[in-house]
Amino acid sequence: MSDETQGESDFYALPGDLMMWILIISELVVFGAGLMAFMAMRLTDPAGFSAAQGHLNATAAGINTIVLVTSGWLAALALKAGEAGQVMRVRLLLAGASALGVLFLWIKGMEYAGKAAEGINFETHTFFTFYYLLTGFHALHVLAGIVILALVGWKASPRNLEVGTAFWHMVDLVWVLLFPIIYLLR
């Protein structure tokens with residue numbers, strides 16, 4: 001097989017659906033651009049960003065990281081169960097992954113409520129403008145992922161599982177990037 005033919009077969013060997021991969025890549029580009037803009041703005045006001053970051057709850061965000069990564073693990077197990085034809089196990093694992101997604105959103109909502117109680121909003125500081133935009137956009141993706149996992153559980157075909165879990169893993173990946181940059185990097 002020539003290198004060109006091998007490259008083409010690798011392309012067609014991607015799990016899931018090409019359109020989902022286009023969506024995932026475009027979403028990663030959008031989040032990447034947002035994070036780059038965040039970092040660029042941080043360079044213009046490091047003291048202000050550090051002071052604003054002090055208002056975040058890194059412990060809650062760390063718990064949310066564990067919650068979301070665990071949900072990704074359950075989604076991966078669901079994919080394996082689907083390959084073994086274990087439909088009920090797939091549904092239970094996807095329900096668990098979705099429930100952890102709901103827990104993630106609840107924790108994030110509590111964090112937002114805490115910021116609102118402190119009088120912190122989009123206009124408080126540039127840091128919070130980016131914080132709300134990036135984490136809010138991510139939360140919308142978590143919500144979309146929960147819906148996708150529910151649909152996949154309902155129609156648990158191998159292709160649906162590959163597509164749905166690929167999206168869910170993108171949501172995990174984005175949070176794994178957002179968490180240290182927004183909450184930990186000083």
Side-chain angles (χ1 to χ4, degrees), residues 20 23-79 92-150 164-186:
M20 180 55 80
L23 173 67
I24 288 170
I25 291 168
S26 66
E27 294 298 324
L28 290 174
V29 168
V30 169
F31 277 107
L35 284 171
M36 287 173 44
F38 175 83
M39 296 300 291
M41 293 304 294
R42 169 179 259 152
L43 290 174
T44 67
D45 183 15
F49 268 64
S50 182
Q53 189 180 38
H55 291 277
L56 296 183
N57 186 338
T59 301
I63 291 167
N64 251 353
T65 302
I66 294 166
V67 165
L68 208 53
V69 169
T70 303
S71 75
W73 175 65
L74 292 178
L77 290 176
L79 183 60
L92 288 172
L93 289 164
L94 291 178
S98 296
L100 289 174
V102 170
L103 177 59
F104 176 93
L105 292 175
W106 181 78
I107 293 169
K108 180 53 63 191
M110 296 301 291
E111 188 178 351
Y112 287 162
K115 296 294 147 283
E118 291 181 59
I120 295 172
N121 60 43
F122 276 93
E123 297 175 351
T124 303
H125 187 273
T126 305
F127 175 89
F128 288 109
T129 303
F130 279 101
Y131 163 77
Y132 283 115
L133 286 172
L134 291 168
T135 62
F137 192 49
H138 178 263
L140 289 174
H141 282 77
V142 172
L143 184 59
I146 292 167
V147 170
I148 288 170
L149 292 180
T165 57
F167 183 85
W168 195 249
H169 292 313
M170 182 271 300
V171 171
D172 284 348
L173 173 63
V174 168
W175 183 255
V176 169
L177 296 173
L178 289 176
F179 170 60
I181 292 173
I182 292 175
Y183 290 84
L184 303 178
L185 187 67
R186 298 282 177 176

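What you see is a predicted model; the values in this text were computed from it and never measured.
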Give the minimum heavy-atom separation between [X] and [Y], together with the two atoms involved.
X: T165; Y: A75; result: CG2-O, 3.4 Å
X: L149; Y: G164; result: CD2-O, 4.1 Å
X: V142; Y: W168; result: O-CZ3, 3.5 Å
X: G72; Y: H169; result: O-CE1, 3.0 Å
X: A78; Y: L94; result: CB-CD2, 3.7 Å
X: P180; Y: V176; result: CD-O, 2.9 Å

Can L35 and L177 be said to form a side chain to side chain contact (heavy atoms under 4.5 Å, CB included), step by step?
CA-CA 9 Å; L35 284 171; L177 296 173; 4.2 Å; yes
How would you list, by chain and number, every residue that makes a side-chain contact (heavy atoms from CB on, under 4.5 Å) with S50, sequence neighbours excluded?
R186
Go through the steps to decide whether I24 and L173 satisfy the test side chain to side chain contact (heavy atoms under 4.5 Å, CB included), and finish with yes or no.
CA-CA 11 Å; I24 288 170; L173 173 63; over 6 Å; no
Give, for atom [atom1] of [X] and atom [atom2] of [Y], the distance between the pair rounded to the nearest 0.5 Å.
X: I182; Y: F127; atom1: CD1; atom2: CZ; result: 6.5 Å
X: L134; Y: I181; atom1: CG; atom2: CD1; result: 9.0 Å
X: L56; Y: L184; atom1: CG; atom2: CG; result: 10.0 Å
X: K108; Y: T135; atom1: NZ; atom2: OG1; result: 4.5 Å
X: L28; Y: L23; atom1: CG; atom2: CG; result: 9.0 Å
X: F128; Y: E123; atom1: CZ; atom2: CD; result: 13.5 Å

Please determine whether side chain to side chain contact (heavy atoms under 4.5 Å, CB included) holds for the pair M41 and F49, giving the CA-CA distance in whole Å, both sets of side-chain angles, and the decisive distance to 0.1 Å.
CA-CA 9 Å; M41 293 304 294; F49 268 64; 3.8 Å; yes
Please determine which of N57, V102, N64 meets the side-chain contact (heavy atoms from CB on, under 4.5 Å) test together with I107.
N64
Could you walk me through whether L68 and F179 satisfy the side chain to side chain contact (heavy atoms under 4.5 Å, CB included) test, starting with their C-alpha distance in whole Å, then the side-chain angles of each, then the deciding distance to 0.1 Å, before giving a yes or no?
CA-CA 11 Å; L68 208 53; F179 170 60; over 6 Å; no
Evaluate the ring planes of H141 and F167, with Trp represented by its six-membered ring, and classify them as parallel (under 30°), tilted (30 to 60°) or perpendicular (over 60°).
parallel
Between K115 and H55 (side chain of the first, backbone of the second, donor and acceptor by atom type, cut-off under 3.5 Å), is there such a pair?
yes
Assess the pair H138 and F104: is the distance between their ring centroids shorter than 6.0 Å?
yes
Strictly under 6.0 Å, is that where the ring centroids of Y112 and Y132 end up?
yes
